[in-house]
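Structure record follows, encoded as structure tokens.
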Amino acid sequence: MVDFGFGLVPSSRINLDLFDKEKYDELLSIEPDARICMACGSCTAVCTAGKFVHTSLREAMEDIFNAKPDKALETLRACQLCGKCSMVCPRGINTRHLIMSITKVYSKK
Amino acid sequence: MIYEGKQKIWSDYQKDIPDDHYFYVRSCIRQSFFPASEATFLDITRNRLGKDIFETEHHTTCGGIAYHSDTIPQETVMTIIARQFALMAKNGYENYVCSCITSFGLYCETMETWREFPELEAKIRENLWKSCKLEFVKPKFLIHASDLIYKYRNQIAAQAVRKLVNVHTGEPLKVVEHIGCHYSKMFPSKGVGGAEYPYVLVGMIEAWGGEIVDYPERRHCCGFGFRQYFIKGNRGYSLSNTHKKFESMEPFKPDLIITNCPGCPYFLDRWQYVIAESTGKTYGQDGHGIPALTYEEVAGLVMGYDPWDLGLQTHQVGVEPLLDKMGVEYDPAKKYLGKGGKDLGMPFPCSCLK
Amino acid sequence: MTPLFFALAAQAADPEVIDRIPSGFSPFVLPFTIGVAFMFSWIGVGLIRLLAAIPKSDRIKFAKSLFIPKTALKNLKDLFCDCLFHTKIWQRKPLLGYMHSAIAFGWFMIIILGHIEVALFVPARLNVTRGGLFYPIFYRYFVWMNPGHTTLRGSFFFFLMDFFLLYILSGIALAIFKRFRSIVLGMRHTTKPSFADRVALYSLWLIFPLRLLAESFTADLSGGSFLTVPVNHFWHLIFGDKLWFMPTWWAYSICLGLFFAAMPFSRYMHILTEVLWILLRNAGVKPNHPRKGVAEAEIYACSSCGLCLDACPMNVQKKNLKFSSVYFIRFLRRHNEKKINDIAEKCLMCDKCHALCPVGVDAPSLRRAQRATVNNALPYDYSYLSTASGSTLAGETHATLGTVRGGTGASLCEASGGAERSEAVARPRVLPEATNKVLYFAGCMTHLTPRIIKSVEKVFNAAGVDYAFADRDGGICCGRPLMLAGKTEAAAAVIEANKKMIEKSGCDTLVLSCPICYKIFKEEYGLEGIKVVHYTQFINELIAAGKLNVQNKGERLVYHDPCELGRGCGVYFEPRAALGKVGNLVKASKEYDESICCGGSLGSLTLDTKDRSKISEASLDSLLANDPQTIVTACPLCLKTFSEAVAKTKKGDLNVSVKDFAEVLCP
Amino acid sequence: MKNNILIIGGGPAGLEASAQLQRMGYNVILIEKSPKLGGHLAKWDRLFPDSVPADEVLGGLLRGTEGVKCFTDTDVRAINRLDKSYNVRLTNGITVLSDAVLVASGFDLFDAVKKEEYGYGIYDQVMTNADLEAYFKTGSDRRIENPGKIGFAHCVGSRDEKAGCRSCSKVCCATAVKQAIEMKQAFPKAEVYCFYMDLRLFGRHYEDIYLKAQKEYGVRFIRGRVAEVSENYDGTLLVKAEDTVAGKPLKVTLDLLVLMAGMRPSAAGKVIGDLLEMPAEEDGYFAVRSGIAAGQRSPIPGIFLAGAATGPKTLPETLADARAAAMEVDRYLTEIFPDAKNYKQLVKERW
């Protein structure tokens with residue numbers, strides 16, 4: 001192979017065709033609220049860990065939907081489970097359980 | 001795919017193309033990339049179709065590359081263009097034909113800008129006068145050279161010695177058309193067939209017997225993108241763009257790509273080599289690439305020009321499988337012989353791309 | 001038995017009691033003997049397994065504890081009070097207490113008295129080889145009362161035996177009645193018995209009536225008293241001289257055998273395991289796994305009495321009864337992993353079941369241990385705690401304390417980079433060294449209820465408290481939510497970070513306004529030389545010391561005990577003492593350790609909003625029992641939950657406000 | 001004798017207004033250019049938010065119009081304003097002398113072909129909301145054969161200045177959510193995506209269907225406008241949008257794309273407007289005397305407007321508007337029209 005000093009750049013595009021429905025269904029079976037996020041961002045706004053490091057449940061949900069579960073896991077690693085997000089979620093999502101469930105389901109390889 | 005739907009759109013995007021007396025301006029880069037294309041164009045229009053095409057050695061670049069690379073201001077570019085228009089008027093022409101899509105886009109942009117901002121036009125007029133003591137007249141018709149071939153596609157077909165057909169199977173060749181972004185994406189009404197389903201090359205393919213391939217990423221840029229290519233650090237993006245297009249057209253197994261822009265055939269051609277050499281992937285049959293030709297080269301092929309006179313040896317992707325399919329006779333030994341039998345030298349052999 | 005009894009027996013020339021069956025055996029004893037032998041071997045093996053499973057240090061601790069007089073005394077007291085008299089149930093539901101103690105204590109006494117009788121009258125039979133296992137149980141069958149030689153001593157035992165049998169029978173009658181009408185005994189919910197439970201239960205119901213039947217049949221031969229003798233006469237009246245006493249003794253033995261055989265698989269196992277659990281508990285040995293080791297003793301100590309059903313705040317919805325501790329323990333026994341986990345995750349961890357458990361089973365801790373088995377291994381990354389806050393926290397805290405007077409207390413939890421620094425830090429004012437270094441830590445949740453922060457600061461200012469505000473711009477979580485979720489290791493990481501910050505602050509008193517924080521700061525942080533107090537305690541002290549002047553406005557207040565503060569930390573008195581000085585404290589229908597969780601608890605991992613609001617409604621109802629004007633609580637979660645519950649309530653005429661403790665106390 | 005009132009347009013607004021005016025005792029003449037009464041409602045299957053059958057609603061409206069003189073297949077040929085009344089010549093040869101004219105010309109659905117990049121009429125698997133309703137009504141459409149992945153593109157011909165439609169069409173979001181649910185009901189295994197710019201679900205129960213779509217049907221809402229559609233080798237569609245919440249371009253392969261064509265001013269209505277010399281606003285919908293206080297009065301005395309002729313409206317809004325228009329007509333015909341002496345003055349003061 002020839003090295004040209006440049007090469008193909010990995011795509012940052014979301015490819016919904018890669019969405020893992022099985023895993024998502026597994027997530028839904030333990031936390032059905034995973035479906036009802038409306039991306040308002042309240043959780044991220046109040047996040048205790050978010051003061052120190054980039055972390056966002058809203059974004060993690062997006063990443064799950066957008067077939068980027070590893071990014072979701074990465075985002076949620078900073079969570080301290082303090083529960084502020086569950087207090088402010090307008091849809092009453094059990095955010096702490098959602099976070100743990102995502103971690104549980106998607107860290108299984 | 002519903003063909004009638006497309007026809008309806010094509011009928012909405014027709015443009016007036018004058019019958020004769022054209023002022024022709026060349027492309028800066030095509031002359032070095034695919035040098036025979038413009039010569040073939042002039043030969044076909046002048047000698048085969050009997051049209052009056054005038055060109056002058058005084059015309060220059062339109063400034064497009066510098067403009068799109070953010071190195072010269074718009075007023076400078078407009079003044080250069082105004083000078084070209086002045087040359088046209090000076091020589092008694094009013095139908096402006098350009099060989100380059102970048103130029104075509106820029107001329108359109110300039111004319112539209114002047115229409116919206118007449119004070120700018122006045123200023124350019126002044127600039128041109130100050131700098132060259134010239135006065136310009138805006139062309140009555142601004143057309144791209146491919147528009148002209150499109151207009152005469154049926155006459156060319158009538159004179160053709162062969163069609164875009166696989167002579168071994170009798171099946172039409174599957175042809176991908178690629179339109180330069182600046183042909184109609186900026187001003188859909190300025191291109192034949194508009195921006196979403198441009199017809200300019202499709203018309204030629206249909207007239208010459210080929211079958212059009214409509215693949216998902218057909219609207220995507222070839223990857224030139226000016227700054228994406230000029231700066232080495234960005235070149236990966238240029239390559240990735242091209243790669244995306246090939247990945248998308250691959251399932252359709254195209255035999256040929258026709259383009260109408262200076263950069264596109266170059267990048268669709270050369271990047272196939274880079275993709276092959278850096279990843280091992282090829283898109284044609286049996287390790288070959290997909291030939292990416294200019295519309296003049298294709299017109300020349302169907303009209304029976306010798307492939308080496310058309311400069312097909314200057315393509316990175318070998319055209320032999322295509323020539324074989326079309327039943328074009330050629331002498332492989334003469335591939336790298338220039339005018340008068342002068343040896344052009346063999347390119348360095350590729351390891352992946354046949 | 002003591003030699004005295006042997007002596008007494010030997011002295012009698014004519015024996016009072018004669019061995020009726022010289023072999024000392026009859027085939028009907030077999031069902032009982034087999035049953036009881038099975039049960040004892042099961043327990044024996046179980047005990048050995050259990051002791052083998054616990055860490056060596058715990059074993060030693062346990063063994064030692066048995067010989068420490070103080071612990072031994074407590075063991076004895078607990079065994080009598082908990083196992084026999086069921087004092088905890090007596091205290092809450094006297095009738096239910098009577099029922100339990102009648103069966104337990106009565107049976108215990110009958111067994112003891114049976115053995116004493118044998119020891120007194122036929123001591124040789126106590127020897128296991130001569131039927132010691134069953135003879136004392138079926139004593140009345142095997143002996144014949146020597147007519148004309150009865151003594152007062154014999155009659156005394158006859159009387160006692162009949163008395164305790166009647167006592168038990170009254171308990172059994174109540175138990176049968178309770179099965180159908182539990183509410184009369186003060187239980188709204190009863191457990192659903194398993195199959196083994198049913199076998200044991202119905203055997204148990206039958207054992208004592210059958211004993212009465214059997215003993216009454218033999219009463220004219222082997223003696224009896226006020227109960228068995230009249231019944232014996234009655235039988236003779238009906239059946240004449242022909243009494244079929246063999247079948248009744250068989251039935252009695254079979255029921256006993258069935259009961260003991262079913263016991264290890266039923267709730268009645270607790271009768272024996274409870275003893276072990278009390279000993280282990282008093283030895284201070286703690287479970288570290290939901291099922292193995294000490295936990296095994298704990299889960300088998302559960303009597304499935306079902307008191308936790310009534311205690312559980314989730315009982316407002318019938319569908320959620322299945323998440324009560326009694327079922328949790330049942331599934332732990334059955335190794336039903338799925339259900340164990342579901343129940344463990346659902347619980348609000350309000351600790352009421354633990355507080356009310358007659359056996360003292362700490363089911364919430366077992367749940368936490370269960371959660372840890374699943375969640376502790378979940379990945380986390382708190383590296384940012386050291387890089388983003390650690391150094392900054394340490395650096396600024398020192399400068400802050402004692403230099404900033406109350407009211408402008410600066411934040412100690414600053415993110416690196418000066419942009420977010422509060423003004424107070426930017427322009428420190430040098431004041432004389434403060435004598436009282438108070439650090440206020442609001443906690444995550446309190447930041448969503450800013451009125452608590454405002455009120456606390458107002459109180460501090462009014463009382464002239466020198467304080468620094470540790471997390472004015474937000475801090476790190478205390479770690480309790482992680483702990484509750486079973487992420488023990490992760491909790492340790494945040495604890496470490498907070499601890500560093502607090503220790504470097506140089507404070508001597510740490511005031512918390514969130515009970516969740518308070519509990520973990522107090523129990524897990526090990527902050528040496530720093531007094532950790534909840535703001536209810538701190539403010540109460542301020543009032544007592546005369547630093548904070550309050551006025552009684554006569555408002556009708558009701559105080560809600562937050563779970564983590566009341567049952568969690570035992571703080572019941574101080575908030576009430578303080579509130580009593582500003583208003584007229586009325587009672588809730590359930591308070592102190594019976595207070596109902598507000599429903600907003602962080603403890604539950606899976607309970608959804610709808611179910612939570614049902615709990616909130618129930619808790620609210622309890623608080624509204626005596627028509628208060630204001631509900632006062634001392635927890636940001638309770639405050640938010642009740643505020644929302646009051647706003648959402650469909651009671652049209654409800655005119656009650658929800659306030660925080662500090663809000664009511666602030667001048 | 002009671003006054004003649006001509007109502008132009010036999011859609012929900014025209015039907016409801018004629019029923020009301022009929023009840024008041026006026027002599028109502030209703031004309032409809034197409035062969036069938038009911039307008040778009042007649043082509044719809046079920047209605048958001050409660051999935052009421054459209055036929056049921058239409059049936060109710062039609063029952064209310066008994067006694068009204070209805071001319072279908074009838075258009076206006078010419079209109080002459082007399083002193084106070086209008087002399088209207090119809091295409092069926094009849095001439096009506098009408099004291100008031102109510103224009104309820106409704107709307108046209110945006111012609112989705114105009115959004116070339118979506119390939120409606122070019123790609124096999126692209127359809128519109130109206131096509132889908134037709135499918136629900138008839139149960140057949142060559143494009144729908146157990147689709148595995150379905151996309152709904154909101155705002156096709158709405159909020160699109162380049163397509164000449166700046167305004168929001170108001171009903172498409174709710175329709176898309178309704179149709180997404182219905183498709184999930186029909187094909188429970190399908191994955192359904194809604195591509196929206198803003199979810200403009202403002203009415204009562206609308207949020208409920210949005211929640212239901214997410215919670216019970218697992219419809220995925222992606223904030224981003226569909227920007228490009230192309231056809232794959234196997235005839236499926238490659239759809240590109242940006243997930244603006246994630247801030248990343250996105251692509252997905254779909255088996256079916258439903259374009260939520262928005263509302264455009266009715267072309268037939270424009271002809272009427274021209275005949276009446278009735279002004280339209282920049283957006284093409286008819287101007288009213290006052291958007292707030294007099295939304296059913298045109299600037300021309302005696303000419304009234306109802307329904308989507310004055311801008312996108314939901315069905316309940318249209319019906320309410322029609323009732324309001326009926327009240328306005330009545331007020332005009334009782335308070336202003338009869339007073340021949342002061343007519344001009346009254347019009348000046350009260351129109």
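- Most heavy-atom pairs under 4.5 Å with chain C, from the set A/Ser101, A/Ala78, A/Pro32: that is A/Ala78.
- Using a 4.5 Å heavy-atom cutoff, the side chains of C/Tyr380 and A/Leu76 are not in contact.
- Nearest heavy atom pair, residue A/Asn94 against residue C/Leu607, reads ND2-O, 3.6 Å.
- Between A/Lys104 and C/Glu345, at least one side-chain nitrogen of the basic residue sits less than 4.0 Å from a carboxylate oxygen of the acidic one, meeting the salt-bridge criterion.
- Rounding to the nearest 0.5 Å gives a distance of 12.5 Å between CG of C/Asp381 and CG of A/Leu73.
- When heavy atoms are compared at a cutoff of 4.5 Å, C/Asp608 does not approach chain A at all.
- Counting heavy-atom pairs closer than 4.5 Å to chain C, the top-ranked of the candidates A/Glu31, A/Glu74, A/Met100 is A/Met100.
- Not a single donor-acceptor pair under 3.5 Å links the side chain of A/Arg96 to the backbone N or O of C/Leu605.
- The neighbour count for C/Lys499 NZ, taken as heavy atoms of other residues, nucleotides or ligands under 6.0 Å away, is above 12.
- When all heavy atoms are compared, the tightest approach of A/Ala49 to C/Tyr384 is CB-OH, 3.2 Å.
- Heavy atoms of A/Thr103 lying under 4.5 Å from chain C belong to its backbone as well as its side chain.
- One N or O on the side chain of C/Tyr382 and one on the backbone of A/Cys79 form a donor-acceptor pair closer than 3.5 Å.
- Counting heavy atoms from C-beta outward, C/Ile476 and A/Lys51 have side chains that stay 4.5 Å or more apart.
- Ranked by heavy-atom pairs under 4.5 Å with chain A, the first of C/Leu484, C/Thr606, C/Asp342, C/Val494 is C/Thr606.
- For the pair C/Met445 and A/Cys82, the tightest heavy-atom approach, listed with the atom from each and the gap, is CE-O, 3.2 Å.
- Applying the 6.0 Å contact sphere to NZ of C/Lys319 captures more than 12 heavy atoms from other residues, nucleotides or ligands.
- C/Thr641 places none of its side-chain heavy atoms less than 4.5 Å from the side chain of A/Met87.
- With a 4.5 Å cut-off on side-chain heavy atoms, A/Gln80 and C/Pro481 do not count as touching.
- Proximity to chain A is absent for every atom of C/Lys610, based on heavy atoms less than 4.5 angstrom apart.
- Interface remark: C/Ile516 contributes no atoms to any contact with chain A (heavy atom separation under 4.5 Å).
- The candidate from C/Cys444, C/Cys478, C/Pro636, C/Ser604 with the greatest count of non-hydrogen atom pairs under 4.5 Å with chain A is C/Cys444.
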